[in-house]
Engineer: 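Okay, here's the structure, questions in a sec.
If you're wondering where the values come from, they're calculated on a predicted model, not measured in any experiment.
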Amino acid sequence: MPSGEVTLLAGHGGAGKSYIALLIAINVVLGLPFGGLKTKPCPVLFYSAEDGKAVLKHRVRKICIKLGITMADLKGRLHIIDASDIDPTLFIENPTKRLSELKELVQYLGVGLTIIDNGSDVYDNDEIRRAKVRAFMRAVRSSLARPDRAVLLLVHVSKVAAQNKYKGKGGGEDYSGSTAWHNSCRSRLSLTPDKDGSLDLEHLKANHGPKAGPMKLTWDDGVPLVTGSSVFCAINKEEAAEKARLKIEKEMLARKAIVEIMVDFQQRGEPISSSTQGNRTSYHLLKGCKGFPAWLNKAEFDEVMRQMERDNLIVRRTIKTQSRKIREVFELAPIQLDNNNSAPTEAMGVL
């Protein structure tokens, strides 16, 4: 699942693609390998337009048991949106307000991977209209995958593939709809049930690198696992605790340094842009200052700033420059804060 792009995962209805997507999500959150493939740890958002909260929690709990972890290990990292009882549509003739809300939430939570379940529920148009399919894929990519995020979009298989219940000819166009779905993505996965009840996961398209090898998954107490791993690599609790402690320690040092530099900027009356693109971002402005942590790269800096904003240590403010242009800037928050500010989730419930 390349960053900056939308990856399709096509599978038969009821084959288990939602379950496997949750399994992938949990592995990504914890930085655990999936079927021998390394994952880049990051927060994950699972947008479910099909299954409700109770079903999703039940599945997550069962996966956690197999991984040897607890639900608490996922706190603040795995965000599940139950959109099954609201209108989940992200695109009709054009992108909807719901997509804008989802984009805002992804940015607010610092999400690195967004999983959408599934295409037929969020795309409310004719799936064979090539121009509209391309427009939908572009909208999802630009809103949720760019600049350095990934999106996994679950889609149903075509009627032809659905009629062929068991695995036949590999590598075909198994997704439902026009070839614009295939052409608009840069990576495509296919999930196919086998005669013995197992599942074959294949990588059928990869524009940014070599294809991954095929994987076989089997059901273990109702949980799909890569064959040969009846219990996935459980986290070494002591090692994980030490990593978490060091991460918190580094974040506290980074916060302290950033606050001291921001105080100096504010005393001079020099604004700090909140933009994340261009050469005048807050990272570019601050990284050359005395006391800025040399080990802090842009991605880590942006995550620290997001967390400081969530904790009401910094705020955004709109100013007018000397050239009378409107700019949004970061400022240190006042000492007395209104703690009733809420995340942009009024229309969607985060579990």
Engineer: With a 3.5 Å distance limit and no angle check, can you tell me whether Arg310 reaches the backbone of Leu109 through a side-chain donor-acceptor pair?
Structural biologist: yes

Engineer: Using a strict cut-off of less than 4.0 Å between a Lys/Arg side-chain nitrogen and an Asp/Glu carboxylate oxygen, indicate whether Lys17 and Asp117 qualify as a salt bridge.
Structural biologist: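 Salt bridge between Lys17 and Asp117, a charged N being under 4.0 Å from a carboxylate O: no.
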
Engineer: What do the steps show when you test Glu202 against Lys211 for salt bridge (charged side-chain N to carboxylate O under 4.0 Å, His left out), and what is the final call?
Structural biologist: CA-CA 9 Å; Glu202 297 178 275; Lys211 295 178 183 177; over 6 Å; no

Engineer: Treating Arg188 as the side-chain partner and Thr7 as the backbone partner, does any N or O pair qualify as donor plus acceptor under 3.5 Å?
Structural biologist: no

Engineer: Go through the steps for Asp73 and Ile26 under the test side-chain contact (heavy atoms from CB on, under 4.5 Å), then give the verdict.
Structural biologist: CA-CA 10 Å; Asp73 293 316; Ile26 293 172; over 6 Å; no

Engineer: Is it the case that the side chains of Ser198 and Lys216 hold a donor-acceptor pair, with the cut-off being a distance below 3.5 Å and no angle test?
Structural biologist: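 Lys216 vs Ser198: donor-acceptor pair found between side chains.
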
Engineer: Please check: side-chain N/O of Arg149 versus main-chain N/O of Val111, any donor-acceptor pairing under 3.5 Å?
Structural biologist: yes

Engineer: Quick check: is Leu9 connected to Val29 through a chain of hydrophobic side chains (ILVMFWY, heavy atoms under 4.5 Å apart)?
Structural biologist: yes

Engineer: What pair of heavy atoms forms the shortest contact from His208 to Pro2, and how long is it?
Structural biologist: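 In terms of heavy atoms, the two residues are closest at CD2-CB, 4.0 Å.
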
Engineer: When you compare the side chain of Leu204 with that of Ser190, does any pair of heavy atoms fall below 4.5 Å?
Structural biologist: yes

Engineer: From Ile65 CD1 over to Asp221 CG, what is the distance, rounded to the nearest 0.5 angstrom?
Structural biologist: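 Atom-to-atom, Ile65:CD1 and Asp221:CG are 9.0 Å apart.
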
Engineer: If you take all heavy atoms of Ser143 and Leu99, which pair is closest and at what distance?
Structural biologist: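 Looks like OG-CD2, 3.8 Å.
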
Engineer: Within the supplied structure, the quantity of interest is the number of heavy atoms (other residues, nucleotides, ligands) at a distance under 6.0 Å from Lys298 NZ; does it exceed 12?
Structural biologist: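 Yes, NZ of Lys298 has more than 12 neighbouring heavy atoms, counting only those of other groups under 6.0 Å.
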
Engineer: Going by an N to O cut-off under 4.0 Å, is there a salt bridge joining Arg306 and Glu309?
Structural biologist: no

Engineer: Can Lys287 and Glu300 be counted as an ion pair, charged N to O under 4.0 angstrom?
Structural biologist: no

Engineer: Check whether Thr89 reaches the backbone of Phe91 with its side chain - one donor and one acceptor, N or O, closer than 3.5 Å.
Structural biologist: no

Engineer: For a side-chain contact (heavy atoms from CB on, under 4.5 Å) check, start with the C-alpha distance between Ser18 and Leu154, then their side-chain angles and the critical distance, and finish with the verdict.
Structural biologist: CA-CA 8 Å; Ser18 300; Leu154 278 56; 4.1 Å; yes

Engineer: Looking only at heavy atoms, which two atoms of Gly222 and Lys62 are closest? And how far apart?
Structural biologist: CA-NZ, 3.8 Å

Engineer: State plainly whether the residues Asp264 and Lys290 are in salt-bridge range, i.e. N to O under 4.0 Å.
Structural biologist: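 Lys290 and Asp264: not salt-bridged.
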
Engineer: Under 3.5 Å, is there a donor-acceptor pair linking the side chains of His12 and Thr192?
Structural biologist: no

Engineer: Say you draw a straight line from CG of Leu189 to CG of Leu8; how long is it, rounded to the nearest 0.5 Å?
Structural biologist: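 One gets 8.5 Å once the value is rounded to the nearest 0.5 Å.
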
Engineer: Does atom NZ of Lys256 have more than 12 heavy-atom neighbours, drawn from other residues, nucleotides or ligands, at distances under 6.0 Å?
Structural biologist: no

Engineer: Parallel, tilted or perpendicular: which describes the rings of Tyr123 and Phe136, with under 30° parallel and over 60° perpendicular?
Structural biologist: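 Rings of Tyr123 and Phe136: tilted, as their planes differ by 30° to 60°.
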
Engineer: Closer than 3.5 angstrom, by distance alone: can the side chain of Asn125 be matched with the main-chain N or O of Ile92 as a donor-acceptor pair?
Structural biologist: yes

Engineer: I would like to know whether Arg130 and Thr179 meet side chain to side chain donor-acceptor pair (under 3.5 Å); could you show each step before the answer?
Structural biologist: CA-CA 8 Å; Arg130 298 174 60 84; Thr179 55; 2.5 Å; yes

Engineer: With rounding to the nearest 0.5 angstrom, report the CH2 to CG distance, Trp219 to Leu225.
Structural biologist: 9.5 Å

Engineer: Quick test of your reading of the model: are Lys132 and Asp126 salt-bridged, counting only N-O distances below 4.0 Å?
Structural biologist: no

Engineer: Please lay out, stage by stage, how Met252 and Arg255 fare under the test side-chain contact (heavy atoms from CB on, under 4.5 Å).
Structural biologist: CA-CA 5 Å; Met252 291 302 104; Arg255 285 189 182 207; 3.6 Å; yes

Engineer: Donor-acceptor pair, Trp181 side chain versus Val155 backbone, under 3.5 Å?
Structural biologist: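 Here the side-chain-to-backbone pair does not exist.
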
Engineer: Can you see which heavy atom on Asn118 is nearest to which on His156, and at what distance?
Structural biologist: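 Taking every non-hydrogen atom into account, ND2-NE2, 3.4 Å.
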
Engineer: Using atom types as modelled and distance alone, determine if a side-chain donor or acceptor of Glu331 lies under 3.5 Å from a backbone N or O of Arg316.
Structural biologist: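 Here the side-chain-to-backbone pair does not exist.
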
Engineer: Which value, rounded to the nearest 0.5 Å, describes the distance between Ile81 atom CD1 and Ile116 atom CD1?
Structural biologist: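 If I round to the nearest 0.5 Å, the distance is 11.5 Å.
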
Engineer: Given 3.5 Å as the limit, does a donor-acceptor pair link the side chain of Tyr47 with the main chain of Pro88, or not?
Structural biologist: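 Side chain of Tyr47 to backbone of Pro88, a donor-acceptor pair under 3.5 Å: yes, one is there.
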
Engineer: When you check the side-chain N and O atoms of Thr318 and Glu328, is any donor under 3.5 Å from an acceptor?
Structural biologist: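 Note: Thr318 and Glu328 side chains miss the donor-acceptor criterion.
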
Engineer: Please answer whether the main-chain N or O of Leu90 pairs with a side-chain N or O of Thr96 as donor and acceptor at a distance below 3.5 Å.
Structural biologist: yes

Engineer: To the nearest 0.5 Å, what is the distance between CD1 on Ile314 and CD on Gln307?
Structural biologist: 10.5 Å

Engineer: What is the distance from atom CD1 of Ile63 to atom CD1 of Ile24, rounded to the nearest 0.5 Å?
Structural biologist: 10.0 Å

Engineer: At their closest point, which heavy atom of Ala212 faces which heavy atom of His203, and how far apart are they?
Structural biologist: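 Smallest interatomic distance, heavy atoms only, reads N-ND1, 2.9 Å.
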
Engineer: Name the one of Leu102, Leu78, Leu144 that satisfies side-chain contact (heavy atoms from CB on, under 4.5 Å) with Leu45?
Structural biologist: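 Of all the options given, the one that passes is Leu102.
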
Engineer: How close do Ala254 and Trp295 get, heavy atom to heavy atom, and via which atoms?
Structural biologist: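 For Ala254 and Trp295, the tightest heavy-atom pair comes out as CB-CH2, 4.0 Å.
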
